[in-house]
Amino acid sequence: GLCPVCGKANYLEVFEKKMAELETQFEETEKNLTNRHDREVEWEKLTRCISDFESMANQLRGLLVKLPAIPKRKCDIRSLSFQRILNAADKLNEWYGFNFLEDISRKDRTFLNRMFNRRHLFTHNAGRVDQEYLDNTGDTSVKLNQVLYVRSKEIKRLISLVSGTGQRLIQGYEAVK
C-alpha cells in the first residue's frame, strides 16, 4: 500500500515485515513444540506466507491495470492469478519484461508450484489431494485423496523462497512504473 502520511509506496516494507514475523514464528515453533501433530498444525498455518505474497501481488496487479494498455491486455491483467505462480511469472515477463522467478532454480520453481497448490488443498480440501492438484503440479509422489502434511524443512524453505520471490516481484513492478 501507501504510507498514509507521505504517500510513498511501502509494500516492500510491509511484505518484508510479514515475512520476518513468519520466520520468527517458525523458529519459535521449531524450538518450543515437540508434539509432531501440534507442529504439523503450526506448519500448515505458516503456509499463509503464500497468502501474504498473493495479497501483495494482487495489490501490484491492481496498479499494473492502471498503466496504459489496450482493453484486452487490461482484462488479461485483471484475471492474472498469482495462485498459479509459474503462469503469473511467464505472463508478467511476456507483458512487462521482468520475470520474478528468473533467478530461481527449476527445482525451487517446482517446489513453489507444489506448495502454492498444497496451500490451496489445506485451505479448501483439508489437505486432501484432488485431481486439480495432480494436474497443476505433476506431483507423482502423492496419490489422489491422500492427506498431505507440511514438514518443518518445507516451511523453512517456503518462507525463504516466497520472501525472495516477493521482493523480486516488487522490484520488477517498480522497474515498469
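We count residues from 1, following the sequence as given. These numbers were taken from a predicted model, which means no experiment stands behind them.
A continuous path of hydrophobic side-chain contacts links V142 to L121 [ILVMFWY only; heavy atoms under 4.5 Å]. One hydrophobic cluster, built from ILVMFWY side chains closer than 4.5 Å, holds both F122 and L144. Note on L33 and L158: separate hydrophobic clusters, where clusters join Ile, Leu, Val, Met, Phe, Trp and Tyr whose side-chain heavy atoms are under 4.5 Å apart, directly or indirectly. Under the 4.5 Å side-chain heavy-atom criterion for grouping Ile, Leu, Val, Met, Phe, Trp and Tyr, L63 is connected to I77 within one hydrophobic cluster.
Between the side chain of K74 and the main chain of L67, a donor-acceptor pair closer than 3.5 Å is present. For T24 (side chain) and A20 (main-chain N/O), a donor-acceptor pair under 3.5 Å exists by modelled atom type. For N93 (side chain) and A89 (main-chain N/O), no donor-acceptor pair under 3.5 Å exists by modelled atom type. Checked by atom type and distance alone, the side chain of T110 pairs as donor or acceptor with a backbone atom of R106 at under 3.5 Å. The backbone N or O of L80 sits less than 3.5 Å from a side-chain atom of R61, completing a donor-acceptor pair.
Between the CG atom in L112 and the CG atom in L86 there is a gap of 7.5 Å [rounded to 0.5 Å]. We find the OH-CE distance between Y173 and M56 to be 12.5 Å, quoted to the nearest 0.5 Å. For the atom pair CD of Q83 and OG of S51, the computed distance is 8.5 Å after rounding to the nearest 0.5 Å. Here NZ of K91 is found 9.0 Å from OG of S79. Values are rounded to the nearest 0.5 Å. Put simply, CG on L64 and CZ on R73 are 11.0 Å apart, with the number rounded to the nearest 0.5 Å. From M19, atom CE reaches atom OG of S160 across 11.0 Å, with rounding to the nearest 0.5 Å.
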Can you list the steps and then say if F15 with S55 is a side chain to side chain contact (heavy atoms under 4.5 Å, CB included)?
-> CA-CA 10 Å; F15 181 73; S55 175; over 6 Å; no
Side chain to side chain contact (heavy atoms under 4.5 Å, CB included) between I155 and E30, intermediate numbers included = CA-CA 11 Å; I155 286 299; E30 184 148 76; over 6 Å; no
Report the C-alpha separation of K143 and V129 in whole Å, then their side-chain angles, then the decisive distance to 0.1 Å, and conclude whether the side chain to side chain contact (heavy atoms under 4.5 Å, CB included) test is met.
-> CA-CA 7 Å; K143 296 189 181 338; V129 173; over 6 Å; no
Salt bridge (Lys or Arg N to Asp or Glu O under 4.0 Å) between R84 and E132: does it pass, once the steps are laid out?
-> CA-CA 12 Å; R84 305 234 188 269; E132 181 180 4; 3.3 Å; yes
Check the pair N117 / D139 against side chain to side chain contact (heavy atoms under 4.5 Å, CB included), numbers first and verdict last.
-> CA-CA 10 Å; N117 279 276; D139 189 349; over 6 Å; no
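When all heavy atoms of L169 and A57 are compared, the pair lying nearest together is CD2-CB, 3.6 Å. Q146 and S141 make their closest contact through OE1-O, 4.4 Å (heavy atoms, listed as atom of the first residue, atom of the second, distance). Closest approach of A88 and S81 over heavy atoms only: CB-O, 3.8 Å. For the pair V147 and A126, the tightest heavy-atom approach, listed with the atom from each and the gap, is CG1-O, 4.2 Å. Scanning both residues, F116 and I85, for their nearest heavy atoms gives CZ-CD1, 3.5 Å. Closest approach of I159 and L22 over heavy atoms only: CD1-O, 3.9 Å.
Applying side chain to side chain donor-acceptor pair (under 3.5 Å) to Y133 and the options R128, R118, H120 leaves one that passes, R118. No option in Q167, R168, E174 other than E174 meets the side chain to side chain contact (heavy atoms under 4.5 Å, CB included) test with I170. When each of L101, T165, L161 is paired with R109, the side chain to side chain contact (heavy atoms under 4.5 Å, CB included) condition holds for L101 and for no other.
F100 and F53 have tilted rings, their planes meeting at an angle from 30° to 60° on a 0 to 90° scale.
Between E154 and R114, every side-chain heavy-atom pair lies at or beyond the 4.5 Å cut-off.
Both cation-pi conditions hold for R157 and F111: the charged atom is under 6.0 angstrom from the six-membered ring centre and inside a 45 degree cone around its axis.
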